[in-house]
Amino acid sequence: GLAVGGIATAAGLFHRHGDGTAEPLRIADRIDPGQSVAFAYPGDEDWAVAIRLADGTLVAYSSICTHLACGVLWRADRGEHGELYCPCHEGVFDARTGRVTAGPPPRPLPRVIVEERADGIYATGTARSDTAAEGGR
Ligand code: FES
């Protein structure tokens, strides 16, 4: 993988389901409004997507649908600020919160915490969407 070691901060470390600590991962130089970057986090099998919403807010989520684990797609031109769409059974997630807005998914998309640092954008941990703070720093 692309894991970057040696730069962890206390706030950036995160225990994932008790099976280890996710290290900060540099995912991009920058992400412009309406754009997304796919990455694997915290492990090679755990796909995620970081998105810059039109208003500049940076968010990131697991891209594994909470229904039957299809990959969700970023659709910048849908809804108020874009949406995450699952093509398998037309599940839809709000891009700002990760919450389900349509279709059969039973839970929000898990959030990945992302931080803007001087040398790029990093994923630094994971959290439940319904308890996480806003993305960004
Ligand atoms: Fe995503 Fe069914 S797997 S809606």
Side-chain angles (χ1 to χ4, degrees):
L2 298 168
V4 175
I7 53 169
T9 64
L13 292 173
F14 192 85
H15 294 283
R16 179 172 176 265
H17 305 308
D19 63 356
T21 299
E23 297 199 5
L25 172 71
R26 188 175 185 278
I27 58 176
D29 291 337
R30 56 181 286 173
I31 304 173
D32 291 328
Q35 293 191 333
S36 68
V37 171
F39 57 100
Y41 189 82
D44 289 340
E45 308 293 323
D46 300 293
W47 285 95
V49 59
I51 299 161
R52 177 83 67 189
L53 302 179
D55 70 359
T57 306
L58 186 63
V59 294
Y61 303 98
S62 164
S63 57
I64 309 302
C65 183
T66 57
H67 183 219
L68 296 175
C70 288
V72 300
L73 307 170
W74 164 236
R75 301 206 297 195
D77 58 346
R78 300 299 177 93
E80 201 178 323
H81 42 249
E83 68 186 21
L84 292 142
Y85 171 72
C86 179
C88 287
H89 313 100
E90 304 199 329
V92 180
F93 301 87
D94 185 288
R96 185 174 292 284
T97 63
R99 293 202 176 99
V100 180
T101 58
R107 291 181 304 282
L109 288 174
R111 184 182 286 267
V112 176
I113 300 166
V114 283
E115 291 179 9
E116 305 207 59
R117 296 181 178 179
D119 64 338
I121 295 171
Y122 286 78
T124 61
T126 57
R128 288 164 52 106
S129 288
D130 54 354
T131 58
E134 280 289 320
R137 62 196 67 207

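Counting starts at 1 for both ligands and their atoms, in listed order.
If you take CD on E115 and CD1 on I121, they are separated by 11.0 Å, rounding to the nearest 0.5 Å.
Between A48 and V112, the shortest heavy-atom distance links the atoms CB-CG2, 4.0 Å.
The salt bridge (charged side-chain N to carboxylate O under 4.0 Å, His left out) test applied to D119 returns no partner, not counting sequence neighbours.
For atom 1 (Fe) of ligand 1, protein N, O or S atoms under 2.8 Å: 2 in total.
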Check: residues 65-77 side-chain donor-acceptor pairs under 3.5 Å, at least two apart:
from	atom 1	to	atom 2	distance (Å)
T66	OG1	R107	O	2.6
H67	ND1	H89	ND1	3.1
W74	NE1	G34	O	3.0
R75	NE	E83	OE2	3.2
R75	NH2	E83	OE2	2.8

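In this structure, Y85 shares a hydrophobic cluster with V92, the cluster being traced through Ile, Leu, Val, Met, Phe, Trp and Tyr side chains under 4.5 angstrom apart.
Counting only heavy atoms from C-beta outward, the side chains of D55 and H81 never approach each other to under 4.5 Å.
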